[in-house]
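First up is the structure itself, then whatever we jot down about it.
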Amino acid sequence: MKPVGRKIIRLESVDSTNNYTANLIKASDVTHGSVILAVEQTSGRGQRNAEWLVRPGENLTFSLYVDEVKLSVNEQFKITQLVSLAICDVLKKYSIVAKVKWPNDIYVDSKKIAGVLIENQLQGGNIKSSIIGIGLNVNQTSFEGFDATSLKLTTGNFTNIEEVLFAFIHSFNERIERTANIEAEYLEKMYLINESASFLNQAGHKFEGEIIGVAPTGKLQVRVSEGVKEFDLKGIQFIPQNEI
C-alpha cells in the first residue's frame, strides 16, 4: 500500500465525510491517499448505523480513501487492525494509554475517545478500495447521550486538530510499512481481553463471558460456559462497565 495524506480536502460542513468520499469515487474524482477533513459533520455515522454527532470545530472528523488495498475479503479485518493501532499510536504521542474495544472503537479509561467506520468497495473476492472514516474527540469537554472523553479531558490541554490529523497520517504510513505483528499488537491493545465481562446477544439476552481473541475473519472469540463462541458485530453487544 502506498503512503497516504498527500492531498487533503477541507470542508466546512458536510453530512458525512464517508458519503462525500463515496460520491467522489462514483465521479472518478478522488486519488489514493486523499483525506477529506470536515469542520462539521451533520450526519456522521458509526458502527450499527449509530449517529456520530460532535460539536463543530472541536474534534477531528475525516475520511481516508485507500485504493489498491490488495487484500481478499477474508482478510479485511487487517484494515481494522491497522487503523485502530494507528490511532492508539497517535494517542501515545500525547501520553494517553488507549485500548481497542472490538472491533474498532478506541477507549481511554472505559470511555470512548474515537470511532472508526470502514466501508470497502469489492471486486470479485478482493477489496478494491476502502473508505476509512474516523472521528477522534480532541477539544470537546462535554458529551450528551454517550459516555466519552477527549484529548483535552484526558491531558488538560488544548490541541490543534490538524496537528492530530498529521500525527495520524504519519502513524498510518509507518504502520503500512510494518504489518508482520499486527494481529498480536491488536490483541495486546484489546479492551477487556482475558477479563470476565457482560454482554447482550442478538436476541437481547444478557450473558457472561471472557474475550480471548479475534478470529482471522474478524469475529470476536468469547469463552462462555458452553465453550468458545465466535460473534460478528450483529451478534454481540458490550454492556457498559458502569451498568453492570
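Sequential numbering from 1 along the given sequence is applied to the chain's residues.
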Apply ring-ring contact (aromatic ring centres under 6.0 Å, His included) to Phe172 and list each qualifying residue two or more places apart in sequence or on a separate chain.
-> Phe168

Here the gap from Glu68 atom CD to Lys2 atom NZ, rounded to the nearest 0.5 Å, amounts to 5.5 Å

Any side-chain heavy-atom pair from Gln237 and Phe199 closer than 4.5 angstrom?
-> no

Is Lys101 atom NZ crowded by more than 12 heavy atoms from other residues, nucleotides or ligands, each under 6.0 Å away?
-> yes

Closest non-hydrogen atom pair between Asp89 and Ser171, with its separation = CB-OG, 3.7 Å

Please name all residues satisfying salt bridge (Lys or Arg N to Asp or Glu O under 4.0 Å) with Lys128, sequence neighbours left out, ordered by chain then number.
-> Asp67

Can any side-chain N or O of Trp102 pair as donor or acceptor with the backbone N or O of Gln221 at less than 3.5 Å?
-> no

Once you round to the nearest 0.5 Å, how far does OG1 of Thr61 lie from CG of Leu11?
-> 9.5 Å

Just one of Ile96, Val90, Asn157, Asn139 clears the side chain to side chain contact (heavy atoms under 4.5 Å, CB included) bar with Leu151, so which one?
-> Ile96

How far apart are the C-alpha atoms of Met190 and Leu220, what are their side-chain angles, what is the distance that settles it, and do they pass the side chain to side chain contact (heavy atoms under 4.5 Å, CB included) test?
-> CA-CA 11 Å; Met190 277 189 71; Leu220 186 67; 3.7 Å; yes

Backbone N/O of His205 and side chain of Asn201: donor-acceptor pair under 3.5 Å | yes

Does Asp29 use its side chain to pair, donor to acceptor, with the backbone of Leu24 at less than 3.5 Å?
-> no

Taking all heavy atoms of Gln41 and all of Thr17, pick out the closest pair and write down the distance.
-> OE1-N, 2.8 Å

From Asn120 atom CG to Ser129 atom OG, the distance as rounded to the nearest 0.5 Å = 8.0 Å

Value rounded to 0.5 Å, distance of NZ in Lys78 from CD in Gln76 | 12.0 Å

Say you draw a straight line from CD of Glu177 to CE of Met1; how long is it, rounded to the nearest 0.5 Å?
-> 10.5 Å

Go through the steps for His170 and Lys93 under the test side chain to side chain contact (heavy atoms under 4.5 Å, CB included), then give the verdict.
-> CA-CA 12 Å; His170 177 75; Lys93 293 176 182 178; 3.3 Å; yes

Which heavy-atom pair separates Gly115 from Asp105 by the least distance, and what is that distance?
-> CA-OD1, 3.7 Å

Closest approach of Ile161 and Glu58, non-hydrogen atoms and distance?
-> CD1-C, 3.6 Å

If you round to the nearest 0.5 Å, how far is OH of Tyr20 from OG of Ser63?
-> 11.5 Å

Output all residues satisfying side-chain hydrogen bond (donor to acceptor under 3.5 Å, both in side chains) with Thr159, sequence neighbours left out; order by chain, then residue number.
-> none

Mind checking whether Phe166 and Leu64 sit in one hydrophobic cluster, side chains of I, L, V, M, F, W, Y counted as touching below 4.5 Å?
-> yes

Is the shortest heavy-atom distance from the side chain of Val214 to the side chain of Phe77 under 4.5 Å?
-> yes

Check whether Ile25 and Val69 end up in the same hydrophobic cluster, where Ile, Leu, Val, Met, Phe, Trp and Tyr are linked by side-chain heavy atoms less than 4.5 Å apart.
-> no

Audit row: Lys99, Glu188, salt bridge (charged side-chain N to carboxylate O under 4.0 Å, His left out) steps and yes/no | CA-CA 9 Å; Lys99 294 289 185 180; Glu188 287 177 7; over 6 Å; no

Would you mind listing every salt bridge (charged side-chain N to carboxylate O under 4.0 Å, His left out) that reaches into residues 209-220, with sequence neighbours excluded?
-> Glu210-Arg223

Can you run down the salt bridge (charged side-chain N to carboxylate O under 4.0 Å, His left out) pairs that involve residues 150-174, sequence neighbours left out, and say none if there aren't any?
-> Arg10-Glu162

Find out if a path of hydrophobic residues (ILVMFWY) with successive side-chain heavy-atom gaps under 4.5 Å connects Val39 to Ile9.
-> no

Minimum side-chain heavy-atom gap Ile134-Leu60 below 4.5 Å = no

Given side chains that start at C-beta, do those of Asn59 and Leu136 come closer than 4.5 Å, heavy atoms only?
-> no

Distance-only, no hydrogens or angles: does the Asn173 side chain make a donor-acceptor pair with backbone N or O of Ile169 under 3.5 Å?
-> yes

Hey, does Val224 have a side-chain heavy atom less than 4.5 Å from the side chain of Phe207?
-> yes

Just checking, is any N or O donor in the side chain of Gln140 or Ser150 under 3.5 Å from an acceptor N or O on the other one?
-> no

So if you build clusters from Ile, Leu, Val, Met, Phe, Trp, Tyr with side-chain heavy-atom gaps below 4.5 Å, do Val73 and Val66 land together?
-> yes

Heavy-atom closest contact (Ile211 atom, Leu192 atom, distance) = CB-O, 4.0 Å

Lys7 vs Val35 side-chain heavy atoms within contact, under 4.5 Å | no

Take Asn137 and Phe143 through the side chain to side chain contact (heavy atoms under 4.5 Å, CB included) test and state the conclusion after the steps.
-> CA-CA 10 Å; Asn137 300 331; Phe143 299 87; 3.6 Å; yes

Salt bridge (Lys or Arg N to Asp or Glu O under 4.0 Å) partners for Glu226, two or more places apart | Lys229

Within a strict 4.5 Å, meaning less than it, do heavy atoms of the Ile131 and Ile118 side chains meet?
-> no

Worked check of side chain to side chain contact (heavy atoms under 4.5 Å, CB included) between Ile8 and Leu165 | CA-CA 10 Å; Ile8 297 176; Leu165 172 63; 4.2 Å; yes

Of the non-hydrogen atoms in Asn126 and Ser72, which two are nearest, and what is the gap between them?
-> OD1-CA, 3.6 Å

Check for a donor-acceptor pair, side chain of Ser130 on one end and backbone N or O of Ile132 on the other, with a separation under 3.5 Å.
-> no

With hydrophobic residues grouped by side-chain heavy-atom distances under 4.5 Å, do Ile193 and Ile106 end up in a single group?
-> yes

Within a radius of less than 6.0 Å around CG of Asn23, do more than 12 heavy atoms belonging to other residues, nucleotides or ligands occur?
-> yes

Would you indicate whether the side-chain heavy atoms of Ser34 and Thr31 approach each other to under 4.5 Å?
-> yes

